[in-house]
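Working notes for the structure below.
Note that these values count all heavy atoms, side chains included, but never hydrogens, waters or copies made by symmetry. What you see is a predicted model, and the numbers here were worked out from it, not measured in a lab.
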Amino acid sequence: FENWHPKELAKEFDKQGIYVWNGNHYALAVTETLGLETQGGMVRVGPVHYNTLEEIYLFGEILGEKNPKNAILDGPPKNGSKSQINTPKN
């Protein structure tokens with residue numbers, strides 16, 4: 001996510017009803033080692049047992065809109081098959 005500050009990216013997800021966290025998540029040594037602390041840290045997504053598959057797929061869609069280079073999930077599995085992942089063509 002070049003050119004996105006973690007705080008601004010978190011705000012964009014919030015506008016869509018997707019709640020994520022930004023910062024160093026109490027992993028200061030990690031963010032410093034990776035050179036991310038001075039850039040605002042990271043964005044953390046925390047899906048849990050009460051999130052629906054629709055919410056997870058919505059997150060994938062929004063993620064792809066914000067950074068089209070990422071692979072995103074292509075909707076719920078069809079006919080009992082496993083989830084499909086679309087990787088953008090170069």
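In this structure, Glu8 contributes its side chain and His5 its backbone to no donor-acceptor pair below 3.5 Å.
Take Glu12 and apply the side-chain hydrogen bond (donor to acceptor under 3.5 Å, both in side chains) test, not counting sequence neighbours, and it matches Lys15, Lys66. Considering only residues two or more places apart in sequence or on other chains, Lys7 meets the salt bridge (Lys or Arg N to Asp or Glu O under 4.0 Å) condition with none of them.
Considering every non-hydrogen atom in both Pro6 and Asn22, the closest pair reads O-CB, 3.6 Å. What you find for Asp14 and Tyr19 is that their closest heavy atoms are OD1-CE2, 2.7 Å. In this structure, Val48 and Asn51 approach most closely via the heavy-atom pair N-OD1, 2.8 Å.
Cluster membership for Val45 and Ile62, using ILVMFWY side-chain heavy atoms within less than 4.5 angstrom, is shared. The hydrophobic clustering, which links ILVMFWY residues whose side-chain heavy atoms are closer than 4.5 Å, places Leu9 and Leu58 together. Two different hydrophobic clusters hold Met42 and Val20 under the rule that ILVMFWY side chains link at heavy-atom gaps under 4.5 Å.
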* **Candidate pair Val43 and Trp21, rule side chain to side chain contact (heavy atoms under 4.5 Å, CB included), full reasoning** => CA-CA 6 Å; Val43 173; Trp21 302 265; over 6 Å; no
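Separation of atoms OH (Tyr50) and CD (Glu55) is listed at 9.5 Å; rounding is to 0.5 Å.
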